[in-house]
Each structure stands twice: as C-alpha cells, then as structure tokens.
Amino acid sequence: MTYPWGDSRPYNSYNRYFREKFGSRVQKVTIDAGFTCPNRDGTKGTGGCHFCNNDGFNPSYCRPEMPVSRQIEEGISFHRWRYKRAVSYLAYFQAYSNTYGDTGKLERLYREALACPGVMGLVIGTRPDCISREVLELLRELSEKAYIHVEFGIESVYDETLALVNRGHDFATARSALEAAASFQLSTGAHFIFGLPGETRQMMVDSASVISRLPLQTVKFHQLQILKGTRFEQMYQDHPESFQLFGYEEYTDFIIRFLERLNPAFVVERFAGEAPPRYQVTPGWGMVRNETVVARIEKGLLERNTWQGKLWKP
C-alpha cells in the first residue's frame, strides 16, 4: 500500500522527508551555544520548566565554552563514525532557547555554523515567547541560501498543564509564534510531551485535532521522563501518585491511537525520548532504544491496518 505521503511506511517519516528534499541522508549535529531561557534568567521566572535538564539529551561533544564551529567539527567526526552514509549535516542549535538574544549575536552564531564544511542548513530550537520580527527577518534572509527550520517547544495544548510545569507562556502564544513564522515562509516544527501531570490519556489523544490545525511541517513527541536535577524529581519523590508515567507497551499503543488522528501532512521526526539511565530518576524503559520503539509502532500500525491520519478530519 502507498500512503498519501508517497511511500509504504504507515506514517510520514523524517527519513523519507529528507531523502526527498536533499536526495541523501542528512544528519543533525547538535550544538550548545550557551543560551538560556526567560524563565531561567529571571525575566519570567527562575528554575526553568519542571521537566527540563538539557544535559540528559546533549551529546558529549556539546560544550558551550567551545566555539560553534569546533562543536560542529567534533560532531561531524562522531557522526561519520556512527552513520557512515551521512554526507551532509544540519547544525542543530538545541540547548535552551536559541533565538533568545541580541539579533547581532544570533546572526554571528548562525553564519558561523553555516560556514562550516558539510553544513547545509540550521535547525533552531526555541520557545514561542522568544521570537521577534527582527529574528524572523534574519531567518528568512538566511533561508534564501540554506535550509532553515525553527523548532518550537510547545509541550502541551492545555494552558493548565503549561502553568503546572512552569512553562511561562500559554498555548495562544505558541499558536501566534507558529503563525508569525509561517507568514515569513519559514519551515516550522513543534515538540510535545505526553504524560505530563494533570492530563488524562484521552486528553492527550484529543490534542491531536488541535495540533493538526497548526501551521507545521514537522512534529516531535516524547514520553515524560523524570530526570535528575529537575523540579519534577522532587515532586515525584514527594507525590509519586501525581505522575502516571507511560509504560513501554502502553505508550506504543497510545501513539498509534494518536497518529490515526494526526494530520498526515506532518512529518514525524520522533516518537519517544531517550535520556541516558544515569539521568533518570525512574527506571524508564530499561535498555529499549529509540529504533526499537519506532519498529514496534510501525509493526502495530501495519497489524491494525491503520496509518497516520486515517481518522483525521480536516
């Protein structure tokens, strides 16, 4: 069977998207450029989001004291050994809010990354409340000669949840930021977390219809993990009953239900997160790797004769 996105996989995969766009495998190289966030530096609050510990997801070569170009050089060396088919790279400004700063500084860092051999574009992770017209104009200018993708951390469509996790913005802010980026013809993605306190499984499934109406090209999903050094660590130790964490089998079944209701035009970059065990407070899923999760989800979709967007209603 060939699905609406043009191949035989039952979901709109990131690998297909990049093969179609660039003609070959493209690998992200993660960068920590030393940014912070408005709810860490006191502008909106301190302590950051209750789930956040970026160290749990940063590769070892990401060190903010190193120049961006050096991080990219070391990252490419690492990926050339691990992913031998990768010939082109995207510089991924990941840690914290990478549009939160003076526009002149942002331009210098972005252009430094784009000047590195093998780098054909940027993926810029940020918050919906850290985007401005000046930054959007800069990104549009850069997008005339390189691939530029802005990835917004949205996490939930429910304002009560966003307040509970100390996010510092509401869902309307996220929607406005995406619409503004789209008005500048920029490629956009969004990150969501499933399993945040206060949300039922049905609320999460229902959020698919809200997410599907956003001006997005890509989506990235993670299950909630309780990481050391976060506010959630203390909350979990004090009141573990407040958290309904996903088990491995339950999560894959949930994702299938969610995917059936998700806009089929959206490219799915990730289904789950994978923090090293040394950062995790709870046992998590043990040694289950991300590729195993993907394979199980794909197998489940095929066995149920369903696919991304089968129940989506435009």
Side-chain angles (χ1 to χ4, degrees), residues 1-30 56-57 59 78-87 90 92 94 123 151 189-195 201 204-205 207-208 211-212 216-225 227 244-277 279-280 282-312:
M1 177 176 178
T2 300
Y3 296 97
W5 40 90
D7 71 8
S8 59
R9 301 187 80 173
Y11 68 95
N12 196 347
S13 76
Y14 203 56
N15 288 341
R16 179 211 59 80
Y17 169 71
F18 273 115
R19 283 197 309 271
E20 184 177 284
K21 192 170 190 66
F22 298 113
S24 63
R25 182 186 177 98
V26 178
Q27 183 63 45
K28 284 183 183 176
V29 177
T30 304
F57 299 96
F78 170 81
H79 287 299
R80 278 181 178 155
W81 171 79
R82 188 175 182 187
Y83 303 109
K84 294 180 172 56
R85 288 183 298 158
V87 294
L90 297 175
Y92 181 20
Q94 180 193 35
V123 177
E151 182 182 284
H191 179 278
F192 298 92
I193 299 175
F194 293 130
R201 302 302 194 240
M204 296 176 226
V205 170
S207 71
I211 294 169
S212 291
L216 288 167
Q217 282 71 52
T218 70
V219 285
K220 184 187 288 186
F221 306 117
H222 283 190
Q223 80 285 15
L224 177 64
Q225 300 170 86
L227 301 183
Q244 301 297 319
L245 300 176
F246 276 103
Y248 172 49
E249 293 187 1
E250 181 195 8
Y251 186 73
T252 52
D253 288 341
F254 160 78
I255 282 289
I256 289 171
R257 291 181 60 207
F258 182 90
L259 279 176
E260 290 178 311
R261 295 159 175 81
L262 183 68
N263 189 333
F266 290 177
V267 174
V268 181
E269 180 175 354
R270 288 188 71 93
F271 290 118
E274 190 179 8
Y279 286 102
Q280 297 193 35
T282 55
W285 297 345
M287 298 304 292
V288 175
R289 298 301 305 269
N290 186 60
E291 55 264 30
T292 304
V293 179
V294 174
R296 179 182 172 87
I297 291 169
E298 186 168 350
K299 183 173 181 286
L301 289 164
L302 292 170
E303 288 175 345
R304 301 181 195 186
N305 189 32
T306 192
W307 55 87
Q308 178 182 337
K310 183 178 182 179
L311 303 180
W312 175 63

**OP:** Check each of Phe194, Phe266, Phe271 against Phe221 using the ring pair (Phe, Tyr, Trp, His ring centres under 6.0 Å) test, and report the only one that passes.
**Re:** Phe194

Value rounded to 0.5 Å, distance of [atom1] in [X] from [atom2] in [Y]:
X	Y	atom1	atom2	value
Met1	Trp307	CE	CH2	4.0 Å
Leu259	Arg261	CG	CZ	10.5 Å
His191	His222	NE2	NE2	4.0 Å
Glu269	Lys220	CD	NZ	4.0 Å
Ile255	Gln308	CD1	CD	10.5 Å

Who passes side-chain hydrogen bond (donor to acceptor under 3.5 Å, both in side chains) against [X], sequence neighbours left out?
X	answer
Glu250	Arg201
Asn290	none
Gln280	Gln225
Thr218	His149

Under the ring pair (Phe, Tyr, Trp, His ring centres under 6.0 Å) rule, collect the residues that match up with [X], sequence neighbours excluded.
X	answer
Tyr248	Trp285
Tyr17	none
Tyr14	Phe18

Original post:
Is there a side-chain contact (heavy atoms from CB on, under 4.5 Å) between Gln94 and Glu151 once you walk through the steps?
Top reply: CA-CA 9 Å; Gln94 180 193 35; Glu151 182 182 284; over 6 Å; no

Subject >> Backbone N/O of Gly195 and side chain of Gln244: donor-acceptor pair under 3.5 Å >> reply: no

Original post:
Between Pro264 and Gly309, which heavy-atom pair has the shortest distance, and what is it?
Top reply: CD-CA, 4.0 Å

Subject >> Shortest non-hydrogen separation from Ser8 to Tyr3 and the atoms involved >> reply: O-CE1, 3.3 Å

**OP:** Output every pair passing salt bridge (charged side-chain N to carboxylate O under 4.0 Å, His left out) with a member in residues 14-24, not counting sequence neighbours, ordered by first then second residue.
**Re:** Arg16-Glu20

Under the side chain to side chain contact (heavy atoms under 4.5 Å, CB included) test, which residues partner [X], sequence neighbours left out?
X	result
Ser212	Leu262, Asn263, Trp312
Glu298	Arg9, Pro10, Tyr11, Leu302
Thr306	Ile256, Glu260, Leu301, Arg304, Lys310

Original post:
Parallel under 30°, tilted from 30 to 60°, perpendicular over 60°: which one fits the rings of Tyr251 and Phe246?
Top reply: perpendicular

Original post:
Between Phe258 and Ser207, is any pair of side-chain heavy atoms under 4.5 Å apart?
Top reply: yes

